[in-house]
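Note sheet for the following structure.
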Amino acid sequence: MAKEEAEMLTVELTKKWMELFYDEIDKNKAYLSELDTPIGDGDHGNNMKRGVTGVKEGLAKLKEPDLKATLQAIAMALISKVGGASGPLYGTAFLEMAKKCNETQKPEELFTVALEGIKKRGGAKEGDKTMVDVWAPIVKTFSDGSFSKEEIKKAVESTKDMEARKGRASYLGERSIGHLDPGAMSSGYLFETFIDAGGTK
Amino acid sequence: MAKEEAEMLTVELTKKWMELFYDEIDKNKAYLSELDTPIGDGDHGNNMKRGVTGVKEGLAKLKEPDLKATLQAIAMALISKVGGASGPLYGTAFLEMAKKCNETQKPEELFTVALEGIKKRGGAKEGDKTMVDVWAPIVKTFSDGSFSKEEIKKAVESTKDMEARKGRASYLGERSIGHLDPGAMSSGYLFETFIDAGGTK
Amino acid sequence: MKQMKKIINSPQDVVPEMVDGLVRSYPEYLERIPDTEAVVRSDKASMKGKVGIVSGGGSGHEPAHAGFVGKGMLSAAVCGQVFTSPTPDQIYKAIQAVDQGKGVFLVIKNYSGDVMNFEMAKDMADVDGIKVKSIIVDDDIAVENSLYTQGKRGVAGTVIMHKLVGAAADQGASLDELEELAKNALPHISTLAVALSAATVPEVGKPGFELADDEIEYGVGIHSEPGYRREKIKTSKKLVGELITKLDEQQHLDPEKQYAVLVNGMGATPLMEQYIFSHDVLDKLAEKKIKPAFMKVGNYMTSIDMAGISLTIFELTDKKWLEYLNYSVETVGW
Amino acid sequence: MKQMKKIINSPQDVVPEMVDGLVRSYPEYLERIPDTEAVVRSDKASMKGKVGIVSGGGSGHEPAHAGFVGKGMLSAAVCGQVFTSPTPDQIYKAIQAVDQGKGVFLVIKNYSGDVMNFEMAKDMADVDGIKVKSIIVDDDIAVENSLYTQGKRGVAGTVIMHKLVGAAADQGASLDELEELAKNALPHISTLAVALSAATVPEVGKPGFELADDEIEYGVGIHSEPGYRREKIKTSKKLVGELITKLDEQQHLDPEKQYAVLVNGMGATPLMEQYIFSHDVLDKLAEKKIKPAFMKVGNYMTSIDMAGISLTIFELTDKKWLEYLNYSVETVGW
Ligand SMILES: Nc1ncnc2c1ncn2[C@@H]1O[C@H](COP(=O)(O)OP(=O)(O)O)[C@@H](O)[C@H]1O
Ligand SMILES: Nc1ncnc2c1ncn2[C@@H]1O[C@H](COP(=O)(O)OP(=O)(O)O)[C@@H](O)[C@H]1O
Ligand SMILES: [Mg+2]
Ligand SMILES: [Mg+2]
Ligand SMILES: [Mg+2]
Ligand SMILES: [Mg+2]
């Protein structure tokens with residue numbers, strides 16, 4: 001596990017990141033919906049695809065934006081295109097980052113406020129089998145420098161054995177055990193593409 | 001083909017006839033509905049079964065009836081229980097017989113007025129692929145004394161190659177060719193059980 | 001062949017239980033005529049001094065016909081066995097129950113069974129001295145008209161007829177006026193359907209016909225009577241295109257004229273699909289520079305659990321007719 | 001697995017085409033809010049000086065929610081993607097479109113997505129100075145309530161809530177009064193469903209779950225969320241027995257109390273079956289010496305083409321509530 005320091009967030013990095021995120025979601029749309037079928041309503045891939053398409057269009061419209069405008073555009077696209085549970089959560093995450101980014105561009109600090117936003121918006125805690133179970137451990141990896149694809153995969157995998165207590169999967173109770181959480185998976189893609197975009201030195 | 005003269009219609013003969021008709025319909029309920037499926041709506045067996053059940057109940061309620069009351073009870077039961085196209089037709093047939101039976105008890109004369117009633121009620125002519133294609137030739141057999149099960153079967157069979165011009169089967173046009181008409185079949189049972197009940201010497 | 005899967009008790013009890021459920025769920029509108037499967041308005045005052053309107057037919061077309069009983073529409077409806085005309089004695093009782101001395105008008109769908117049973121009921125009422133007139137609705141253009149056959153079938157357009165004569169009767173029209181209204185309107189009402197699956201009559205237990213998973217049939221009747229063509233399933237736009245082309249041949253759609261449109265679900269077709277279909281109908285009519293003066297979308301004349309849809313176009317050659325369509329009613333189904 | 005067979009064009013266009021079809025079919029009631037999939041009353045005068053009522057959610061529940069927009073009921077409804085909550089910007093536009101300075105009341109079904117998106121819209125309206133209050137409907141007793149989970153789902157009882165707050169708002173109730181009304185009524189509304197088949201989301205193309213030809217499932221949600229038990233199909237009487245037993249455990253049905261009953265078809269269940277089911281509901285309640293003070297049967301909160309039915313029982317502890325239920329409305333769906 002490579003111990004690497006994270007890059008500061010810039011407009012270029014963010015744009016590259018969103019391009020790669022688009023590709024990853026596009027590639028895995030069916031898989032995300034499949035994950036959402038046994039424990040949800042089978043639309044997470046479609047929802048996210050609408051979202052990243054909106055992000056692409058939103059960013060294309062911006063002329064020489066600063067980081068705040070960039071993050072805000074991402075947030076608004078996600079909020080207005082995704083719908084469902086994941087839309088407000090991803091949207092809030094980027095909105096919180098936009099609010100904070102004039103103060104700091106350190107990924108760990110921005111992801112920390114994003115995670116707080118997600119928790120506040122959705123009320124989920126760690127262990128509830130949601131995207132929080134990827135965001136929370138990953139944010140922690142920044143402090144000990146263990147942020148990496150391995151850690152991301154581990155976090156995503158960890159949702160498999162959990163019993164859902166938030167979102168649609170919670171209606172299944174115990175029967176939700178044994179399935180990966182789709183929102184955890186898409187959050188995994190988000191962090192992986194951050195790495196691929198050069199988010200670590 | 002035995003040349004036999006028909007018995008006069010009596011209360012006893014009529015009752016016996018209706019008992020046998022009940023049994024025949026009961027036994028062939030599914031078959032009649034099956035015949036009604038390719039060229040109708042698949043309910044002729046059910047319709048007739050409701051009818052003969054009503055006839056049985058209606059006759060059981062009569063105390064020492066005369067022939068007119070007997071035929072009238074049969075007519076009312078058929079009219080009020082069968083529904084569909086066959087109900088008014090069979091009902092009218094027996095109603096016309098009831099009207100005429102104080103004047104004559106000769107089967108050929110009673111069946112003649114019955115046939116006229118059916119034709120008037122339904123507007124069908126011979127060759128339209130309906131029960132008329134059994135009633136019309138059978139009524140004729142009385143004059144030359146050829147009334148028999150063979151003639152009944154022949155009449156029923158004759159509907160197979162006809163193209164329907166009345167009733168639901170008419171919506172099929174040419175596609176109705178090749179199927180027996182269900183109302184012709186049940187009329188065949190009516191005449192056959194008349195023979196079995198002793199309607200011929 | 002798929003097994004029948006229905007929320008019922010015994011197939012034989014479908015009609016009495018259904019009528020009972022309907023009437024007891026809506027006592028403010030409906031009452032059962034004793035010893036019958038016929039339903040009459042509970043608001044008797046609304047019938048005072050007016051011509052009674054009676055319709056009915058086989059069951060399986062819910063909300064037709066009993067769901068259209070109420071102030072401003074039908075006075076009574078007679079429910080036959082599933083897909084089987086009601087019997088004359090029941091129709092006769094309904095006629096008696098609604099007659100106010102002004103006569104009774106019957107709305108009959110053009111099937112041999114219905115026509116004969118209603119006619120026998122009319123004969124019975126004649127003996128009583130009740131004046132009875134009637135219209136035989138035959139709006140389904142899937143079937144060729146001909147003097148030598150039963151002719152066209154009565155389908156969703158029947159509900160339009162209920163609405164017209166119901167509104168006129170409520171406004172005090174006489175029996176003769178109702179007959180004239182019905183006769184005038186009838187040739188302007190045309191309907192055509194497309195089926196995605198057939199209905200399953202509970203006592204039969206299997207669908208009236210089989211369509212492949214990717215097949216549809218144009219021109220199917222409301223008792224699974226065969227249509228005029230089978231095809232691979234098409235987009236809603238193309239289905240609409242076919243139906244409107246045929247309806248246009250019949251009606252000669254004209255931007256100078258006014259039209260009412262009824263989009264009718266066959267029982268198992270969700271409103272989602274009906275609204276999409278309506279969107280395409282409106283687009284297609286707009287191409288012809290026609291904007292309906294009246295439109296309604298929903299389940300009105302169903303075929304039990306058939307998946308499919310019918311389109312009725314009614315040319316409003318008399319401006320009273322639009323008023324009648326918009327006239328307020330108190331019914332379960334309109 | 002059966003292939004999808006639907007009257008649609010492209011699965012992606014289902015929602016915009018459906019909303020367009022609905023609005024253009026009923027211009028007398030409905031208008032589209034520009035650049036949205038949200039629908040608002042066309043009779044603007046009916047909203048004057050009154051608190052606005054906005055609801056909505058994923059599409060696929062037609063006539064909910066847009067079909068309940070009209071005088072006396074909703075002011076606007078926001079239509080999300082199929083089975084997907086609408087987005088906050090659209091909800092926010094609906095709030096803006098109906099606000100008359102008296103505030104806006106939101107009726108939200110209890111799903112994480114709906115709750116979050118409506119809350120974000122509320123935040124946006126706050127910034128504008130529009131007063132917004134809301135109720136989160138959670139009437140589906142199939143799911144155990146718990147502080148530690150999302151809790152119960154919002155299903156057909158939501159339509160009852162629309163009716164109550166819609167009528168009260170039309171009679172001039174303030175935002176606070178509406179909130180109180182909604183809060184008081186909510187715990188008295190309980191719903192339970194039984195499914196015979198699952199819904200097919202057009203973009204997914206296959207049913208949300210599979211039931212054998214002779215299997216039913218109790219407690220299924222309106223997005224094919226799993227229920228609490230699968231069984232061989234039973235008679236309507238027995239299905240009703242199971243649902244009423246569970247509802248009784250929740251509500252403690254009492255002959256001294258008044259009840260409203262909503263029997264709701266899930267989309268592909270014909271009225272024939274719904275009326276039979278209602279007959280059995282009324283029989284079962286009669287055994288408990290209960291006769292509903294209000295009853296309604298039909299498709300109100302559907303699940304696309306799901307075959308199934310839900311039963312809602314609403315205890316009328318306040319006599320105003322019955323008045324609200326009977327209050328006259330001008331909508332497509334009620
Ligand atoms: N309250 C919540 N807090 C955090 N994440 C949540 C919450 N509810 C749902 N999620 C996430 O959202 C994902 C589902 O998103 P999606 O399928 O797009 O929305 P919906 O459930 O409305 O269909 C879940 O897998 C889960 O990770
Ligand atoms: N106009 C008519 N004249 C004579 N017989 C007719 C006529 N219409 C229908 N029938 C007879 O009725 C039979 C169908 O009866 P049935 O299935 O009970 O009624 P329905 O067609 O209403 O379902 C046909 O097979 C035919 O013999
Ligand atoms: Mg989902
Ligand atoms: Mg038949
Ligand atoms: Mg029949
Ligand atoms: Mg969803």
Side-chain angles (χ1 to χ4, degrees), chain B residues 29-30 33-34 36-51 53-54 75-92 95 117-118 120-125 127-132 163-176 183, chain C residues 11-12 15 36-37 57-60 78-93 111-121 123-124 140 142-144 146-153 199-201 203-209 219-228:
Chain B
K29 182 180 125 166
S33 287
E34 226 169 80
D36 197 28
T37 300
I39 60 167
D41 57 352
D43 61 359
H44 189 58
N46 289 321
N47 292 350
M48 291 307 294
K49 179 67 198 293
R50 274 198 314 277
T53 305
M76 291 318 294
L78 292 171
I79 288 170
S80 66
K81 297 295 175 200
V82 179
S86 49
L89 293 167
Y90 279 116
T92 299
L95 210 55
I118 291 174
K120 205 170 149 213
R121 178 62 65 202
K125 294 183 304 294
D128 285 354
K129 196 183 182 99
T130 70
M131 59 173 71
V132 168
E163 179 178 332
R165 277 190 293 267
K166 287 284 169 198
R168 286 179 199 286
S170 68
Y171 304 127
L172 284 152
E174 287 181 0
R175 286 174 286 170
S176 65
Chain C
Q12 291 81 39
V15 176
T36 70
E37 242 77 88
S59 290
V78 196
C79 308
Q81 290 296 313
V82 178
F83 287 2
T84 302
S85 164
T87 57
D89 54 313
Q90 302 229 346
I91 302 166
Y92 172 52
K93 280 185 186 146
Y111 299 96
S112 348
D114 290 69
V115 172
M116 288 188 271
N117 284 289
F118 275 83
E119 267 175 7
M120 288 187 87
D123 292 350
M124 294 174 180
D140 189 349
V143 174
E144 291 286 319
S146 158
L147 274 177
Y148 307 105
T149 67
Q150 184 60 37
K152 295 185 294 166
R153 300 177 294 237
T200 297
V201 174
E203 285 199 281
V204 177
K206 56 186 185 195
F209 56 84
V220 168
I222 56 171
H223 312 95
S224 301
E225 291 96 343
Y228 63 82

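Below, chains carry the letters A, B, ... as their sequence lines are ordered, and counting in each starts from 1. FYI, side chains are in, hydrogens and waters are out, and symmetry mates aren't considered; it's all heavy atoms of this structure.
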**Q.** Among G83(B), A85(B), G84(B), G40(B), residue most engaged with chain C (heavy-atom pairs, under 4.5 Å)
**A.** G84(B)
Q.
Counting only non-hydrogen atoms closer than 4.5 Å, does D123(C) touch chain B with its backbone (N, CA, C, O), its side chain (CB onward), both, or neither?
A. side chain
(Q) Tell me the closest heavy-atom pair linking P226(C) and R175(B), and the distance in Å. (A) CB-NH1, 4.0 Å
Q: Could you grab the distance from atom OG1 of T84(C) to atom NE2 of H44(B), nearest 0.5 Å is fine?
A: 11.0 Å
Q) Side chains of Q81(C) and D43(B): does their closest heavy-atom pair fall under 4.5 Å? A) no
Q.
Rounded at 0.5 Å granularity, tell me how far OG1 in T87(C) sits from CZ in R50(B).
A. 9.0 Å
Q. Where do F83(C) and R168(B) come nearest, in terms of heavy atoms and distance?
A. O-NH2, 3.5 Å
Q. P86(C), G58(C), G80(C), P88(C): which one forms the most heavy-atom pairs within less than 4.5 Å of chain B?
A. P88(C)
Q) For S33(B), is it the side chain, the backbone, both, or neither that has a heavy atom closer than 4.5 Å to a heavy atom of chain C? A) neither
Q) Can you tell me how far the NZ atom of K120(B) sits from the CD atom of E119(C), to the nearest 0.5 Å? A) 10.5 Å
Q. To the nearest 0.5 Å, what is the distance between CG (D41(B)) and CD (E225(C))?
A. 7.0 Å
Q. What's the shortest heavy-atom distance between G42(B) and V204(C), and which atoms?
A. O-CG2, 3.8 Å
Q. Could you walk me through whether M120(C) and T92(B) pass the side-chain contact (heavy atoms from CB on, under 4.5 Å) check?
A. CA-CA 9 Å; M120(C) 288 187 87; T92(B) 299; 3.6 Å; yes
